[in-house]
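Encoded as structure tokens, the structure appears first; notes follow it.
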Amino acid sequence: MAALACASNVRRLLLHPGAGAPARSFYAQPYQAKVGVVEFLNGVGKGVETHAAKLEEAVGGDLQRLLETRTLRLKKLGVPCKHRKLILSFAHKYRLGLWKPPAEARKVQ
């Protein structure tokens, strides 16, 4: 009985190749060519871009220094907890290559 169920699953995957694969968009979003501190924060969105001037001054406009910044330093700069979490989360994703800022900034809803 188990062999029959396995064979039907194999047949389903062979006949419908997209059935087991995750859905992907065929339209890739354009990304920023040069990513700086302001572009990074605009890409994150959700109100984080309000701290762009403050953070750019603190890290000297260097994105690498922003990516290495810890939560205590962001707290001392007056960044609220929710925004600190977003910055640190997206910085980690950016370092791993899982996320890039889109070409146009996100809209705050």
Pairs of donor and acceptor atoms involving the side chains of residues 65-72, under 3.5 Å and at least two apart or interchain, shall be tabulated with distances.
unit_1	atom_1	unit_2	atom_2	d
Arg65	NH1	Val59	O	3.3
Glu68	OE2	Gln64	NE2	3.3
Thr69	OG1	Arg65	O	2.7
Thr69	OG1	Leu66	O	3.3
Thr71	OG1	Arg84	NE	3.3

If you look at every heavy atom in Gly43 and Pro101, which pair is closest and at what distance?
CA-CB, 4.0 Å

Heavy atoms, side chains only, cut-off 4.5 Å: are Lys75 and Cys81 in contact?
no

Would Val38 and Glu56 count as a side chain to side chain contact (heavy atoms under 4.5 Å, CB included) here? Give the steps.
CA-CA 7 Å; Val38 176; Glu56 188 172 29; 3.4 Å; yes

Please check if the number of heavy atoms outside Lys54 that lie under 6.0 Å from its NZ is greater than 12.
yes

NE2 of His83 to CG of Leu77, rounded to nearest 0.5 Å, is 14.5 Å

Distance (rounded to the nearest 0.5 Å) between Ser89 OG and Trp99 CH2
9.5 Å

Side-chain heavy-atom pair Leu41, Leu55 within 4.5 angstrom cut-off:
yes

Let me check something: do Leu63 and Leu88 share a hydrophobic cluster, defined by ILVMFWY side-chain heavy atoms less than 4.5 Å apart, either directly or through other members?
yes

Take Ile87 and Val44 through the test side chain to side chain contact (heavy atoms under 4.5 Å, CB included) and record every step on the way to the result.
CA-CA 7 Å; Ile87 292 169; Val44 172; 5.6 Å; no

Would the distance check show the side chain of Arg95 and the main-chain N or O of Phe90 forming a donor-acceptor pair, the cut-off being under 3.5 Å?
no

